[in-house]
A.B. asks: 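Here it is: the structure, laid out below.
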Protein chains: 2
Amino acid sequence: MANTKKMDYVLLGLLSHEPMTGYEIKKRLDTTLRFFWGGSYGSIYPTLNQLEKEGKVTKEDTSSNGREKLSYSITDCGRVSLKEWLAKPVEKDELRYETLLKLFFGNETGMEGAMEHIERFEAKCKDELVVLNLFAENLSHHLEDDTHKHYYLTVRFGIKTYESYLEWCREAKEQIKEWQK
Amino acid sequence: MANTKKMDYVLLGLLSHEPMTGYEIKKRLDTTLRFFWGGSYGSIYPTLNQLEKEGKVTKEDTSSNGREKLSYSITDCGRVSLKEWLAKPVEKDELRYETLLKLFFGNETGMEGAMEHIERFEAKCKDELVVLNLFAENLSHHLEDDTHKHYYLTVRFGIKTYESYLEWCREAKEQIKEWQK
DNA sequence: GTATGATGTATCGGCTTGATATATTGCATG
DNA sequence: CATGCAATATATCAAGCCGATACATCATAC
């Protein structure tokens, strides 16, 4: 059978929006998708080559002034492959929260350590929420576009969850203070 | 320098609670830690051997009736290593939500597909919430123990976030219905 | 003019997952 | 009481992925 590798579909999905270079794909992963997915050069470039061999994307050399630049576009075959994957039920959603890990094992260091981790987590969440709210604001003016509608739903997911993280931080800090009495 | 590998500290953390076999560790990861961390045999057994070589855990053969059984315990050296790691700030928290990925690229399949993914996600969240609430209920009767306190905080995190996921599901479904008019 | 950062392609080591192999024990069901 | 299925238990392997790094050019600022 064909690939079940996730990165294949991440790349096909991004290229279904517009042609891009590997570098641009990486940037997109680090900004727009950052809240729910990642990806490294070590999987982007090899996957692009493999997808080209399979005929799911095409490569175009758009170098200029000696600066190397390879633009990738999705093919009809690639679109079919993407749609098949999109229609299948989700296999796995997962959280990998080091903060919770350190909290869980925190009885080795006491509640002060836990408190510190929660406060750092809280600060980071606040920063992320600012970014997400900006995204939502910008997107709300362009909701005619179907792509933006889908993007908007994922941003709303981010906002909802980060807000609940902050609520939990407040609750947890309160709880710890009570225990310390 | 020493290891920065996460699995090292997951195992040390679990063994700091009580001695366990690799199999028991796996079960713990699949139940208690499931909501925020994972782990496979392919990383558990090799890591246990490596930690033993480093003197951070000791192995004891507790086989009986010909059934092989290797119990691992944390050493003082292992405890020091764990505490050092716990004191360091968190490097990375990450979400890997295939549901959001399929939603983000959903303009290829239309809003009906998005709706289906959201509904499946909603159903799964409801199930998880039942489990988490059970955990919280049980734990709330044993909060004298420090280990349980820390465990309780992570369960509360799970409850808060799953509740917000469900809220988002409702909101998103509402939003999609409105767009479909 | 020259250092810094952004653009851009690419690979490598090491870690992790998911599947699989192997073997024994305990329990249930006909 | 046999037979099969689930649970206990250790262990490895291919394939996937991350983080770091190497390399080269261009733009900007000082």
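Predicted model, so just to flag it, every value in this text is computed and none were measured. Per chain, numbering begins at 1; letters A, B, ... match sequence-line order.
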A.B. asks: Starting at the 5' end of DNA chain C and moving along, which residue's nearest nucleotide shows up first, A:R96 or B:S64?
C.D. replies: A:R96
A.B. asks: Looking only at side-chain N and O atoms, does B:K92 come under 4.0 Å of OP1 or OP2 in D:dG19?
C.D. replies: yes
A.B. asks: How many whole angstroms separate atom NZ of B:K5 from atom P of C:dG13?
C.D. replies: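 For the pair B:K5 NZ and C:dG13 P, the rounded distance is 18 Å.
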A.B. asks: For the pair B:F121 and B:W168, name the ring-plane relationship: parallel under 30°, tilted 30 to 60°, perpendicular over 60°.
C.D. replies: perpendicular
A.B. asks: Taking the side chain of B:K6 as heavy atoms from C-beta outward, which of C:dT16, C:dT9, D:dG19 is closest to it?
C.D. replies: C:dT16
A.B. asks: Are a donor atom and an acceptor atom from the side chains of B:Y165 and B:Y97 found within less than 3.5 Å of each other?
C.D. replies: yes
A.B. asks: Among A:H142, A:K149, A:H148, find the residue that satisfies the side-chain hydrogen bond (donor to acceptor under 3.5 Å, both in side chains) test when tested with A:D145.
C.D. replies: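 So, applying the side-chain hydrogen bond (donor to acceptor under 3.5 Å, both in side chains) to A:D145 and each of A:H142, A:K149, A:H148, only A:H148 qualifies.
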A.B. asks: Whole angstroms only, please: what is the CG-P distance between A:L11 and C:dT9?
C.D. replies: 13 Å
A.B. asks: Please test B:R96 against A:D93 for side chain to side chain contact (heavy atoms under 4.5 Å, CB included), starting from the C-alpha separation and ending with a verdict.
C.D. replies: CA-CA 6 Å; B:R96 226 143 220 267; A:D93 288 320; over 6 Å; no
A.B. asks: Pick base, sugar-phosphate or nothing for A:K59, based on heavy-atom distances below 4.0 Å to the nucleic acid.
C.D. replies: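 Nothing, no heavy atom under 4.0 Å.
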A.B. asks: What's the closest nucleotide to the A:Y23 side chain, out of D:dT10, C:dA10, C:dA6?
C.D. replies: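 Given the options D:dT10, C:dA10, C:dA6, the side chain of A:Y23 is closest to C:dA6.
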A.B. asks: Hey, does the side chain of A:S40 come within less than 4.0 Å of D:dC18's phosphate (OP1/OP2), counting only N and O?
C.D. replies: yes
A.B. asks: Side chains of B:Q50 and B:E54 only: does a donor on one sit below 3.5 Å from an acceptor on the other?
C.D. replies: yes
A.B. asks: Which nucleotide in the list D:dT12, D:dA20, D:dT25 gets nearest to the side chain of A:Y41?
C.D. replies: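 Ranking D:dT12, D:dA20, D:dT25 by closest atom to the A:Y41 side chain puts D:dA20 first.
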A.B. asks: In terms of side-chain heavy atoms of B:Y45, which of D:dA9, C:dA10, C:dT7 is nearest?
C.D. replies: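 In terms of side-chain proximity for B:Y45, the closest of D:dA9, C:dA10, C:dT7 is D:dA9.
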A.B. asks: In whole Å, what is the span from the CD1 atom of A:I44 to the P atom of C:dT7?
C.D. replies: 14 Å
A.B. asks: Do any side-chain nitrogens or oxygens of B:K27 fall under 4.0 Å of OP1 or OP2 in D:dT8?
C.D. replies: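 B:K27 to D:dT8 OP1/OP2: side-chain N or O found under 4.0 Å.
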A.B. asks: Mind checking if A:K26 touches a base, just sugar-phosphate, or nothing, with heavy atoms under 4.0 Å?
C.D. replies: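 Touches nothing.
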A.B. asks: Starting from P on C:dT16, measure out to CG on B:L48 and report it in whole angstrom.
C.D. replies: 13 Å
A.B. asks: Quick one: pull up CG in A:L11 and CG in A:L29 and give me the separation to the nearest 0.5 Å.
C.D. replies: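 So the CG of A:L11 and the CG of A:L29 are separated by 7.5 Å.
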A.B. asks: Without decimals, in angstroms, what is the distance between B:Y9 OH and C:dT16 C1'?
C.D. replies: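 My rounded result for the distance is 17 Å.
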A.B. asks: Toward the 5' end of DNA chain D, which comes first, A:G39 or A:E68, by nearest nucleotide?
C.D. replies: A:G39
A.B. asks: Categorize B:G42 for me: base, sugar-phosphate, or nothing, with a 4.0 angstrom heavy-atom threshold over every strand shown.
C.D. replies: base
A.B. asks: A:S43 side chain N/O closer than 4.0 Å to the phosphate oxygens (OP1, OP2) of D:dG16?
C.D. replies: no
A.B. asks: Taking CD from B:E24 and C1' from D:dA11, how many angstroms apart are they, rounded to a whole number?
C.D. replies: 17 Å
A.B. asks: Pick base, sugar-phosphate or nothing for A:T21, based on heavy-atom distances below 4.0 Å to the nucleic acid.
C.D. replies: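 Contact class for A:T21: sugar-phosphate only.
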A.B. asks: Measure CD1/A:I25 against C1'/C:dT7 and give the value in whole Å, please.
C.D. replies: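 Roughly 15 Å, once rounded to whole Å.
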A.B. asks: A:L33 has an atom CG; how far is it from atom C1' of D:dC18, in whole Å?
C.D. replies: 17 Å
